[in-house]
S.K.: 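Let me give you the structure first, and then I'll get to my questions.
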2 protein chains.
Amino acid sequence: MADLAQVIFMPSGKRGRFAVGTPVLSAARQLGVDLDSVCGGRGICSRCQVTPGSGHFAKLGLTVGPGALSPWNAVEERYRQKRGLAPGRRLGCQARIEADVVIDVPPESQLHRQVVRKQATARAMVMDPAVRLFLVAVAEPDMHAPSGDLERLLLALKETWDISGLSVDLAILSRLQPVLRQGNWQVTVAVHDDGSAAPRILDIWPGFHEGPLYGLAIDLGSTTIAAHLCDLRDGAVRASGGVMNPQIRFGEDLMSRVSYAMMNPGGAAEMTAAVRDGLDTLVAGLVAEAGIAARDVVEAVLVCNPVMHHLLLGIDPVELGQAPFALATSGALRLAAAELGLRSVNPGARLHVLPCIAGHVGADAAAVALSEAPEASPDLVLVVDVGTNAEILLGSRTHGVLACSSPTGPAFEGAQISSGQRAAPGAIEAVRIDPQTGEPRFRVIGCDLWSDEPGFAAATAATGVTGICGSGIIEAVAEMRMAGLLDASGRIGSAAATGSPRCEAEGRTHAYLLHDASAGGGPRITVTQNDIRAIQLAKSALYAGARLLMDRLGVDRVDRVVLAGAFGAHISPLHAMVLGMIPDAPLDRVTSAGNAAGTGARMALCSRAARAEVAAMVTRIVKIETAVEPAFQAHFVAANALPHASDPFPELARAVTLPAPDFGAAAQSGRRRRRGG
Amino acid sequence: MADLAQVIFMPSGKRGRFAVGTPVLSAARQLGVDLDSVCGGRGICSRCQVTPGSGHFAKLGLTVGPGALSPWNAVEERYRQKRGLAPGRRLGCQARIEADVVIDVPPESQLHRQVVRKQATARAMVMDPAVRLFLVAVAEPDMHAPSGDLERLLLALKETWDISGLSVDLAILSRLQPVLRQGNWQVTVAVHDDGSAAPRILDIWPGFHEGPLYGLAIDLGSTTIAAHLCDLRDGAVRASGGVMNPQIRFGEDLMSRVSYAMMNPGGAAEMTAAVRDGLDTLVAGLVAEAGIAARDVVEAVLVCNPVMHHLLLGIDPVELGQAPFALATSGALRLAAAELGLRSVNPGARLHVLPCIAGHVGADAAAVALSEAPEASPDLVLVVDVGTNAEILLGSRTHGVLACSSPTGPAFEGAQISSGQRAAPGAIEAVRIDPQTGEPRFRVIGCDLWSDEPGFAAATAATGVTGICGSGIIEAVAEMRMAGLLDASGRIGSAAATGSPRCEAEGRTHAYLLHDASAGGGPRITVTQNDIRAIQLAKSALYAGARLLMDRLGVDRVDRVVLAGAFGAHISPLHAMVLGMIPDAPLDRVTSAGNAAGTGARMALCSRAARAEVAAMVTRIVKIETAVEPAFQAHFVAANALPHASDPFPELARAVTLPAPDFGAAAQSGRRRRRGG
């Protein structure tokens with residue numbers, strides 16, 4: 001019997017005894033230690049780097065002497081000279097065990113390495129992507145024992161990597177023979193295995209293809225399509241970008257697009273073509289920006305709301321426009337990216353669409369649930385994803401999670417507002433009103449100065465002040481309320497409201513003059529009574545949805561609030577609360593999660609376990625349909641009023657009577673914010 | 001506890017006790033009795049018809065009284081009036097068990113019904129196609145427990161039919177919602193499940209879709225593409241047809257096409273497009289001829305030789321042109337028919353390509369092995385599929401099976417013959433030579449008269465006598481040998497050969513004048529020395545391949561010979577043996593199997609078990625590569641001679657000295673055949 005040596009792997013602590021001469025990589029595999037390798041032990045990929053320890057390890061009860069591993073060999077030396085190898089590092093496939101040894105597997109050699117995401121909540125993420133590279137040596141053909149090149153490749157993958165049941169597309173099969181010969185019977189195979197259906201060979205390269213491979217995390221919104229191009233080794237974002245959803249020309253909000261599909265034969269197909277085209281354009285841009293080969297982009301994870309989901313997939317969304325709001329499919333979808341017209345990716349690239357929660361609560365909300373994990377929250381958290389439609393999640397570890405969507409309409413995005421416009425340079429994005437004088441000051445996108453600071457006019461000369469965007473109108477209305485220019489019912493110029501020369505009569509109602517550039521031929525930007533009504537309707541819908549979920553849990557208040565959505569990052573929590581968009585909560589416990597749906601998509605892109613998690617989670621989430629809940633209507637009507645410090649909103653009262661808090665996550669629009677009063 | 005009654009199903013004899021009131025269909029399912037149903041017991045499809053017995057069944061120990069089943073009900077009466085129901089028949093889903101009963105399941109109600117094929121060997125075939133129809137009632141959407149329409153359909157298929165793990169294409173998903181509503185939540189689903197990968201939903205119809213569904217059995221030859229359109233209920237052929245392989249313009253034989261691919265950039269792709277186009281044209285014609293809806297054609301099984309296999313799939317066949325003759329893939333392929341450009345079928349139709357045996361022995365040979373089953377033969381059988389390439393199988397139940405291919409070239413098909421032409425009206429297809437006078441007579445395609453019969457000239461006036469086709473040249477050479485006009489080495493006009501005025505000098509060799517129409521401006525049809533050499537080379541290759549396999553088994557003779565291939569049907573066994581194409585065997589044990597490859601394709605189309613059988617069989621078949629076997633060369637050289645009654649071919653000697661046998665399967669070209677001497 002061969003001599004045995006004890007081997008302990010750190011940080012896992014896994015240990016075993018192996019015959020002297022066993023390569024470290026082999027020992028790691030036998031013990032199930034998470035040590036990466038693409039080349040399968042050929043000294044090519046260097047993914048299996050380890051650091052052997054030496055000295056006495058008291059806790060492990062092991063003393064490691066010199067010569068515990070075989071001497072530095074020629075393969076390691078060649079690798080060090082060519083590509084570099086840090087001092088103390090060995091290649092696990094080259095170094096052999098000679099005596100008892102403790103071996104450290106550094107994080108970058110772990111296949112399922114943990115990555116701490118900086119964005120959003122700083123939860124650790126385990127890299128476990130669906131596509132991996134495998135180098136194999138394939139047996140050459142033998143005419144006396146004939147078998148296909150494919151069959152020998154599959155056998156090699158089985159024997160070297162224990163992968164079986166692979167399917168292969170014709171496109172791969174037609175390239176197989178020259179690639180095998182070009183690689184002199186060594187090839188790198190990209191295998192897609194998302195743990196659900198049959199794994200498949202996604203691509204094949206002659207010899208060793210190091211990668212890295214990339215994936216796309218796509219958040220397909222009604223207004224904007226956003227995507228991150230991520231490195232599938234560590235989840236790092238290599239490029240991010242967004243384009244307007246080209247469907248906007250068919251209708252601003254989802255229901256207008258459903259109507260367009262219902263009223264126009266071929267309308268759904270027209271919108272499908274438009275959104276696929278937009279997505280393709282966005283992806284092509286990201287790939288070009290990152291300067292990578294399209295072929296290295298091998299997978300995409302996509303989230304969106306149900307109407308976008310159906311329109312992207314080529315399903316007429318008509319059923320989503322009427323009760324009972326039946327989805328064609330609610331489960332996760334596994335498609336070829338090419339089916340949806342994505343061209344700037346690997347021809348075999350796959351697309352995973354996260355599951356929907358319900359007819360009005362889509363895969364984007366599922367991604368938010370994955371990212372913000374209300375199910376795991378120790379305290380009761382309200383997660384609000386504000387967009388043209390608001391998705392609302394409420395729950396905790398003990399309560400479970402409830403979800404609904406609320407038809408806020410596009411007012412929060414600056415649409416249907418008299419001076420409203422999209423967030424673009426020149427748009428008013430922040431407003432402060434002096435409660436003593438009723439005089440406003442504001443900031444526009446593209447300029448860091450407030451309008452009452454020196455140099456503002458010069459700095460905005462190029463763009464001018466063109467209108468007011470979503471965050472601007474919210475702040476304007478909230479500031480008007482705090483300055484007393486609005487009464488609780490939202491009326492300007494009523495007996496209960498403070499007057500101001502800026503509150504002008506306009507027909508039978510009043511409007512508040514925010515900015516007048518008419519002397520120079522520019523616009524007169526006002527907040528009209530209709531604008532305030534539109535914001536009141538939107539915020540009432542949002543608030544009523546949240547209240548409905550709170551009713552279901554039998555709670556009167558929540559412990560914390562997370563504002564999600566690209567838009568969420570720009571809303572000041574204080575103003576949101578003044579408006580009554582969200583229920584009363586300690587202001588320092590109202591945070592922004594940024595584009596949480598996009599973050600959830602990234603998590604699912606990087607980890608198959610996250611996909612399984614979200615699939616299980618959506619079945620557990622309790623869905624509430626706001627459209628048919630009488631309580632929703634009651635809450636909606638009751639929420640019309642604008643709360644104030646004098647109302648039963650104790651946290652709000654505390655906030656507005658204290659010095660301005662630092663809004664943390666809302667810093668992007670508020671980083672030079674000072675209290676107006 | 002409910003009263004129990006005993007139920008015995010015939011012919012299976014399966015029995016059990018069931019609660020009074022149990023529907024017969026439910027009892028059958030619980031016992032695993034093979035009773036068909038598409039509608040799942042809704043009294044719609046009538047597939048579950050049964051015949052209850054009555055009286056005393058001594059062997060079964062059961063007496064069946066009146067009232068053993070529930071009375072004839074309204075559903076049955078409606079069905080009888082609308083569609084007819086034979087006397088004594090009941091619908092198994094409607095009739096309920098009231099007391100002990102014996103129930104006969106007629107063959108047409110059995111799902112896996114046995115069908116005796118008239119063609120080829122009269123083996124029974126079990127119908128077990130990959131695509132079946134299932135009627136299901138789907139739960140309507142509930143907004144309070146939201147789930148997708150697809151998810152509810154899948155649940156219904158699971159609950160009603162115990163089918164799970166189904167995949168669904170986007171094309172089906174996009175049609176799902178209107179179809180479900182149109183069918184008022186009842187739909188018929190075509191499920192494709194070939195037992196290998198994930199089953200899939202292939203199509204969906206509102207309400208009850210009775211079918212029948214159809215499949216295609218395709219034999220893609222180098223020269224001809226042939227297909228059968230079959231009813232998937234019973235395997236019946238509804239239409240058959242063939243077209244020339246449009247690749248012929250790139251080369252007559254396989255190696256010329258491989259050369260074309262090697263010499264011309266894009267040549268392989270050109271040939272791929274040509275053959276796909278030809279296949280699509282053929283299928284469109286068959287579907288039109290049968291007068292069925294293309295949508296009801298749901299599957300195809302295809303067989304072909306390796307070069308055609310690669311060219312059809314879009315794989316460059318260059319590796320098949322040189323040792324070691326590596327196939328890109330040898331296993332069975334499961335594709336979408338649309339991937340190969342088939343348009344006149346269901347858009348979701350599947351295509352199954354049978355596995356290849358080796359680089360020179362294709363899926364067509366595998367299909368022949370399935371159809372002719374040498375592995376199950378009690379005696380040693382040689383199966384020869386004669387075409388441009390010959391595939392040869394040798395084996396028995398005790399010997400196992402060996403396979404090789406032999407490069408016979410196109411001489412057997414009339415190519416490379418001085419007066420050779422394709423089998424078409426006007427071509428000489430049968431020849432007899434009087435051994436006394438050396439005078440020939442012949443028959444041409446399109447006319448039943450021999451050339452020496454009255455009226456021949458008039459009957460052939462339209463076409464004339466234009467040339468000589470494959471079977472004609474074989475008979476001509478064999479008859480020349482039998483008449484002594486050739487010596488054993490194949491020479492005309494040698495000292496060892498009988499002279500004749502028809503043996504004309506032609507340069508340094510001689511030619512035999514078969515027909516002279518030059519006086520009327522027609523051709524002079526001769527058999528030249530070069531023609532004889534070409535036939536000798538072809539037959540030597542064929543014979544050498546067979547001998548090589550016999551050597552491997554260590555046998556000197558075979559018990560029987562099966563000539564397969566469309567061409568096999570037209571070769572007279574006697575002439576084949578005189579030529580030495582096949583080893584000596586009792587003439588009455590030389591039979592034609594017709595298009596055995598096509599038959600094998602039909603078997604695989606009708607039965608998933610047959611696909612599994614052929615996949616297992618190809619791994620067991622021992623492959624012999626003729627190209628590198630020195631023994632093949634030796635046999636090839638030795639086989640050059642033309643045997644005769646005086647040679648050590650005892651069976652041949654018996655045949656040529658006896659009155660002409662009735663050639664049975666070779667009757668098509670020989671049905672008016674009389675011995676020439």
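Order of the sequence lines sets the chain letters (A, B, ...), proteins ahead of strands, with each chain counted from 1.
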S.K.: Counting C-beta onward and ignoring hydrogens, is there a side-chain heavy-atom pair between A/Leu176 and B/Ile315 closer than 4.5 Å?
M.R.: no
S.K.: Quick check on A/Leu333 against chain B: is it the side chain, the backbone, both or neither that has a heavy atom closer than 4.5 Å?
M.R.: side chain
S.K.: Mind ranking A/Gly165, A/Gly331, A/Ala145 by heavy-atom pairs under 4.5 Å with chain B and telling me who comes out on top?
M.R.: A/Gly331
S.K.: So which of A/Leu150, A/Val318, A/Val618, A/Val361 has the largest heavy-atom pair count under 4.5 angstrom toward chain B?
M.R.: A/Leu150
S.K.: Go through the atoms of A/Ala328 and report whether side chain, backbone, both or neither lie under 4.5 Å from a heavy atom of chain B.
M.R.: both
S.K.: Quick check on B/Leu153 against chain A: is it the side chain, the backbone, both or neither that has a heavy atom closer than 4.5 Å?
M.R.: neither
S.K.: Counting only heavy atoms closer than 4.5 Å, note whether A/Arg181 contacts chain B via side chain, backbone, both or neither.
M.R.: side chain
S.K.: Quick one: CG on B/Leu154 to OG1 on A/Thr329, what's the gap to the nearest 0.5 Å?
M.R.: 7.5 Å
S.K.: Please classify the contact between A/Ile357 and chain B as side chain, backbone, both or neither, with a heavy-atom cut-off of under 4.5 Å.
M.R.: backbone
S.K.: Please flag which part of B/Ala198 lies under 4.5 Å from any non-hydrogen atom of chain A: side chain, backbone, both or neither.
M.R.: neither
S.K.: What's the shortest heavy-atom distance between A/Pro324 and B/Met143, and which atoms?
M.R.: O-CB, 3.6 Å
S.K.: Measuring only between side-chain heavy atoms, which start at C-beta, is A/His144 closer than 4.5 Å to B/Val628?
M.R.: yes
S.K.: To the nearest 0.5 Å, how far apart are CD in A/Glu319 and CG in B/Leu180?
M.R.: 9.5 Å
S.K.: Given that the side chain runs from C-beta out, which part of B/Leu340 has a heavy atom under 4.5 Å from chain A: side chain, backbone, both or neither?
M.R.: side chain
S.K.: Treating A/Glu339 as the side-chain partner and B/Asp169 as the backbone partner, does any N or O pair qualify as donor plus acceptor under 3.5 Å?
M.R.: no
S.K.: Applying side chain to side chain donor-acceptor pair (under 3.5 Å) as the test, list every pair that has at least one member in residues 354-365 of chain B; sequence neighbours left out.
M.R.: B/His360-B/Glu625
S.K.: Within this structure, what is the CG-CG distance for the pair B/Leu170 and A/Leu335, rounded to the nearest 0.5 Å?
M.R.: 5.0 Å
S.K.: Backbone N or O of B/Ser147 within a donor-acceptor pair of the A/Ser330 side chain at under 3.5 Å?
M.R.: no
